[in-house]
Amino acid sequence: MSVMSRSENARSLGLWDRDHEGHDVIGTRTFGFWLYMLTDAMVYAALFATFGVLSHVVNLAGGPSPAAVVHPVYAYGETVALFVSVLAYGGAMVALKAGNKAALIGALGAAMVAGGVFLGLAYSDIERLFHAGIVPQASGYLSIFFGLILYHALHILVGMVWMLVMIVQVMTRGFTSNVVYRLINLRLFWHFQAVIWVFVFTFVYLQGTVL
Amino acid sequence: MVIGQTVKKWLRFTYGIPMLFLNGCAHSGLLLLEPRGLLSDTAVHYFTLDVGIMLLIIVPTALLAIWAMWRYRRGGRGAYRPDWSHSGRIELVVWGIPLVTVAVLSYLSIKAIYELNPYNPTILARTHKAAGRPLRVDVIATDWRWLFIYPRQHIASVNELVVPVHRPIRFRLTSTSVVNDFLIPQLVGMIDVMPGMRVKEAMVVNKPGHYLGFSADYSGAGLSWMHFDTHAVSVAQFRRFVAAARSSGRGLTDTGFNRFARPFIAVGGARQVFGRVQQGLFGHVVREVMRGKVWRTPMDMTENMVRYMKQQRAEQNAGEY
Amino acid sequence: MGRLSLRQIPYQNPILVGTFVFALILGAAIVGLVTYHKRWGVLWREWLTTVDHKKIGVMYCLIGLVMLFRGFIDALMIRTQQAIAVGPHSPGYLGALHGYLTPFHAGQIFTAHGLIMVVFAATPLLVGLMNIIVPLQIGARDMAYPYLNALGLWLTAAGAALVMVSLFIGNFAHGGWYGFVPYFELPYSPGVGVDYWLWAFQLSVLGTTLGSINLIATIVKMRAPGMTWMRMPIFTWASLSANLIALTTFPVLMVCLALLASDRYFGTHFYTAGMGGNLMLYNDLFWVWGHPEVYFLILPAFGMMSEIVPTFSEKTLFGYATMVIASFAIGGVSWGVWLHHFFTMAAAPSVNSFYSVTTMLVGIPTGVKVFNWIFTMYRGRVRFELPMMWAVLSLFLLLVGGLTGMMNAFATNDYMWHNGVFVVAHFHLMVLLIAASIFGSVEYWFPKVFGFKLEARWGKAFFWCIVLGTGWVFIPMFLLGFAGMTRRLDYIPYTQWGPYLRVMLVGMGFYILAVAFFFMHLYVSLRDRAKNRVGADAWGTSRSLEWMTHSPVPAYNFAFVPQVHARDEWAWRKEQGVADLKSGPYRDIHMPGNTGVPFVLGALALALAFALTWRIWWLSGLALALCVAVVIVRAFAEDTDTVISAQDVERAERRYHDGEVVPMEEPMGRPTPRPAT
Ligand code: HEA
Ligand code: HEA
Ligand code: CUA
Ligand SMILES: [Cu+2]
């Protein structure tokens, strides 16, 4: 085979992608968000590991035991509120598919309200504990107990601010690709917080009541 | 293990090389390679095996690299085969040899770990069944001194460890403040000494003598001066040491210890002996620290170590400790 | 102002005052030069607000080099102190009992040295090189998230700046780069030093985590058509495995540090000795990051070697598939070995056994890599140009560093010298391997980025001085390890160690020469750049995609995205006789537009970290609020792209084809973009 025909051959395969479309924006963005969620999952994993390490009797340092700290009413209330919120967010995604702006805004608003209820309950629970002198400084166990629930609550707060931003963006922009990918990412984020809450509920609250 | 034996014999050789290079007889200063205790001896034995086996593969690898570079350099004599990039047989060898080596090393490592387990060194149980009751020593690291308590003898000594030779010694160790690391290079390896916790270590000295001990984990401004002397002596000499300590006027109570444990930089050694040590001091310290007792290091002290040291020296002379 | 007051400026310390004056003069000179040449606009438009992955990479490398220099000065100070302060009769200067550094000052120096070298020199240099090369190697026009990329850079820069600030305002942590508890808790370290350390570290964690998300997404999502997984260049593979490590472990470090911060700021008891804290937890959390981190550093270095060795052996890489497998094996195992950093913590023998074995397992895939490089040279035609020299040095450093690492992994050996200088010598060979690979790849890829080669004479002098310095400093250090010398001593209590320490000082002389030669190397290269211009394929025998575009690389990387047919696409095209880069007619190219937001966020992060360090609460609150506000405002920026028009592309391409000299103001030949219409 002569050099000429060999290179002709190669050329016919196409050397350059002349009609490069660029990369799929929504796919790339959501992929990155998944990666971010992985890092957040690692943070939670480290916190739960810490919780495991600091849940022994010596870590109570003579302070209150888990059973004395946990109040099931708050824990159940928070669970219900968060799952209602996630459900409402699911509704928002249905509305997005249907292209219904008003429904989407309404559903986001509902999700925010339920999130607010969650935060309110968490706040009064913590308030109650602080009044009883049960503070993070009291023992290693309480340090991580509060650390874990506060870190989770912080996510809820961030999620709510994000929802507010999305409501404004949907109102002013409609369904641009930027808005859509953000809504998808927020869904991931919000569902993830619910999943984490299941772990918090199981390990911190349920296990706490039996210990 | 026959292979182990041969390899080891063969490798005494290689091991001699750095020693030669250093003019190495007793005064090379390579403390780790001049063990004088049962545990350190064992550690060095395994060290020799480990290094020997690894050199068997690292040295040929280095030679192979040099050979390939030389022979296949541009203008060299090697035949140029630009497309050659795979060979199943070579792949098998390059995965296989390290795999086998690591398997052998793993076996040795695990064996050594059990023999030298500081809580229960099986090597000691094997060789020292008849050596009598072990001597108990409780070690408390403060900022920045070592307190050695002999609980059965009710005496204590600061920055100076006196032990009889050939008799097993069982340490319990804790710290008042931060983490330290207890080490006597020629006698016993490191063990972390942690506040609010108790760890154990064992040691047997084979030869009378004077051995240096160090604190290895960073513990603050006084770290570099936190070394101690170990005197391995005969049984009679040890008895004399105990008797002399008992007749010393000073006692050490829980409250006295409270003062003793304040940060103190032991420049120049600062030895001390206590004749009557309160029973259970070690356990008391562990419990106190667990409850949250802290002997703080003032920032001022960290920053101006020299001034502090002089001031403390004056206080000590004035009868405080 | 929180704890901040004028008293915190260490004007009594002549060393620091000298440094400060020097920094002041240097800073003034830079500001003066920029002003004189009226370059502020260019600086802002082309650099501070850029989202171009190549420029971001170059800035990462600059930060890395400056910090490398700082780390070097620290090393020099440690070595001189240890050479002087030997034995009780050694002299003392400047308020020190022995030597010229008080324990407090010496402590800050080795802590800063370690932290700077690992997270502010090696990491930025590697991240920078990955930033530059990975998108080029996969035929992409930019990273997946250019904005995030810039943010990562400016957060890292903020961290580095914070460390530098600690030199002149207050002090730095003084206990070791990886921190100790309870030593780093308030009762034992009440000053701001630990807080500086905490926040600088935390900023770099954030920056690197963002960077790893970006690199992974880029590699997964942005490959040119035809570039299947098994056609990916090996450096890209190495970057992928390294960044997977970073992605999964840096968050753990974030937690580790956050809990320590909580102890210090809120009085919690995560790591305290009493009150139910657990100080061993800190070690676990730290080293769950810390060990994988060293492989995060070394895997890209291995990737670099795997690019350089085939190019200069003029041959395909031996065992591509095994190389990939080995990278992931190293990455995977790295997760399960961390306990080897505290074998001496009295864990049960079964536990120590487990970690001893897993640690040694790493030797297998690493060994495979070594053999693959050797068999790449085998039957090749090896050319010893500068990049190759560095790669060969790396290979030998790996053999010795790996051997000594395996010695540490044998737990009972580690009992003898953990916390001793033997370990220090082990890891310095390893990190110097990384440094050597970095120098090698800077030589290797420099012409790609800037369009001209670095000259070779001073470069070789630099190389040999590093070789000599390394031998001269670290061989005695190994012997000192056997002599039982422990780490982090500011005073040497055992005089027998003295002679070795003085010998090592001679070695430092070679390092000083090396740094001088390095400056000459840069200066002469820059001066004679016209002589050393290169085309697309600077070395003639390179094989991967980045050599398929012009040098310096245009802003858009490739006028057309390449279609990939083979593993070594460029080598394949050369062989097929289709290595011609000319191709038209051109089209508009969409590129991300510049933005000042990441820079502003970096500055705010610096303010926040500084305020937290000094407990200036109003400033902390303000900076945090501004950060949040800026992020939200940015979320409303709709069209952040620009377009490079087809005419601009054509003009730029023609300049390259005509062999026109691309001016230095446009190091990457960036044609002026027009805003989108
Ligand atoms: C990447 C990591 C890295 C690197 C490269 C180095 C490089 C060096 N280090 Fe470092 N070191 C550490 C990481 C590193 N170190 C860590 C983690 C510790 C532990 C800290 C602790 O104890 O907590 C440590 C501790 C440490 C000690 C410990 C002291 C002790 O504990 O007793 C010593 C002592 O000699 C030392 C010396 C050196 C020397 C001589 C070099 C030399 O190799 C330096 C040579 C440097 C160069 C050759 C670079 C030259 C610079 C340029 C070329 C740039 C030019 C500049 C511009 C263009 C702007 N180091
Ligand atoms: C990039 C950096 C880097 C790299 C790549 C490594 C690689 C390795 N390291 Fe190192 N290490 C550090 C940086 C690094 N290390 C640092 C910074 C510290 C201390 C931090 C501090 O305390 O401040 C440290 C500390 C450290 C310790 C703790 C010591 C202590 O504190 O007591 C141990 C213990 O096991 C260890 C082991 C190893 C091993 C087994 C490898 C292996 O990956 C090496 C594998 C390579 C080879 C084995 C060579 C090539 C292989 C062959 C030719 C095949 C055949 C060979 C055999 C089968 C033997 N390292
Ligand atoms: Cu480890 Cu206590
Ligand atoms: Cu490690």
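Below, chain A is the first sequence line, B the second, and so on; all start at residue 1.
Scored by the salt bridge (Lys or Arg N to Asp or Glu O under 4.0 Å) test, Asp41(B) finds no partners at all (sequence neighbours excluded). A search for side chain to side chain contact (heavy atoms under 4.5 Å, CB included) contacts involving Thr111(C) returns Phe172(C), Ala173(C), Trp197(C), not counting sequence neighbours.
Here the CG-NE2 distance, from Asp192(B) to His418(C), works out to 5.5 Å after rounding to the nearest 0.5 Å. Here the CZ-CG distance, from Arg487(C) to Asp217(B), works out to 9.0 Å after rounding to the nearest 0.5 Å. The CD1 atom of Ile110(B) sits 11.5 Å away from atom OG1 of Thr412(C), with the distance rounded to the nearest 0.5 Å.
Of the atoms belonging to Leu403(C), heavy atoms from both backbone and side chain fall under 4.5 Å from chain B. Using a 4.5 Å cut-off between heavy atoms, Ala79(B) contacts chain C through its backbone alone, with no side-chain atom that close. Both the backbone and the side chain of Tyr378(C) come within contact range of chain B, with heavy atoms under 4.5 Å apart. For Arg291(B), the part sitting under 4.5 Å from any heavy atom of chain C is the backbone (N, CA, C, O) and nothing else. Contacts of Asp414(C) with chain B are absent, with no heavy-atom separation under 4.5 Å from either backbone or side chain. Only the backbone of Thr176(B) has a heavy atom closer than 4.5 Å to any heavy atom of chain C. Of the two parts of Phe384(C), only the side chain, counted from C-beta on, holds a non-hydrogen atom closer than 4.5 Å to a non-hydrogen atom of chain B. The contact between Leu395(C) and chain B is made entirely by side chain atoms (from C-beta outward), counting heavy-atom distances below 4.5 Å. Heavy atoms of Met305(B) lying under 4.5 Å from chain C belong exclusively to its side chain. Residue contact with chain C, scored on non-hydrogen atoms closer than 4.5 Å, is absent for Ile57(B). With a threshold of 4.5 angstrom between heavy atoms, Asn304(B) does not approach chain C through any atom at all. Neither the backbone nor the side chain of Val400(C) comes within less than 4.5 Å of any heavy atom of chain B. In this structure, chain B has no heavy atom under 4.5 Å from any part of Thr272(C). Residue contact with chain B, scored on non-hydrogen atoms closer than 4.5 Å, involves the backbone and the side chain of Ser353(C) alike. Within the 4.5 angstrom heavy-atom criterion, no atom of Tyr355(C) approaches chain B.
Among Ser313(C), Gly484(C), Gly380(C), the residue making the largest number of heavy-atom pairs under 4.5 Å with chain B is Gly380(C). The most heavy-atom pairs under 4.5 Å with chain B, out of Asn372(C), Leu97(C), Ile364(C), come from Ile364(C). Per-residue heavy-atom pair counts under 4.5 Å with chain B were compared for Thr344(C), Thr316(C), Thr486(C), and the maximum is reached by Thr344(C).
Screening Leu116(B), Asn120(B), Ile113(B) for a side-chain contact (heavy atoms from CB on, under 4.5 Å) with Pro349(C), the sole residue that qualifies is Ile113(B).
Ring geometry for Trp225(B) versus Tyr491(C): interplanar angle under 30°, hence parallel rather than tilted (30 to 60°). Tyr218(B) and Tyr183(C) have perpendicular rings, their planes meeting at more than 60° on a 0 to 90° scale where under 30° would count as parallel.
Aromatic ring centroids of Phe410(C) and Phe47(B) lie 6.0 Å or more apart. Taking the centre of each ring, Phe371(C) and Trp95(B) stay at or above the 6.0 Å mark. In this structure, the ring of Phe214(B) has its center less than 6.0 angstrom from the ring center of Trp497(C).
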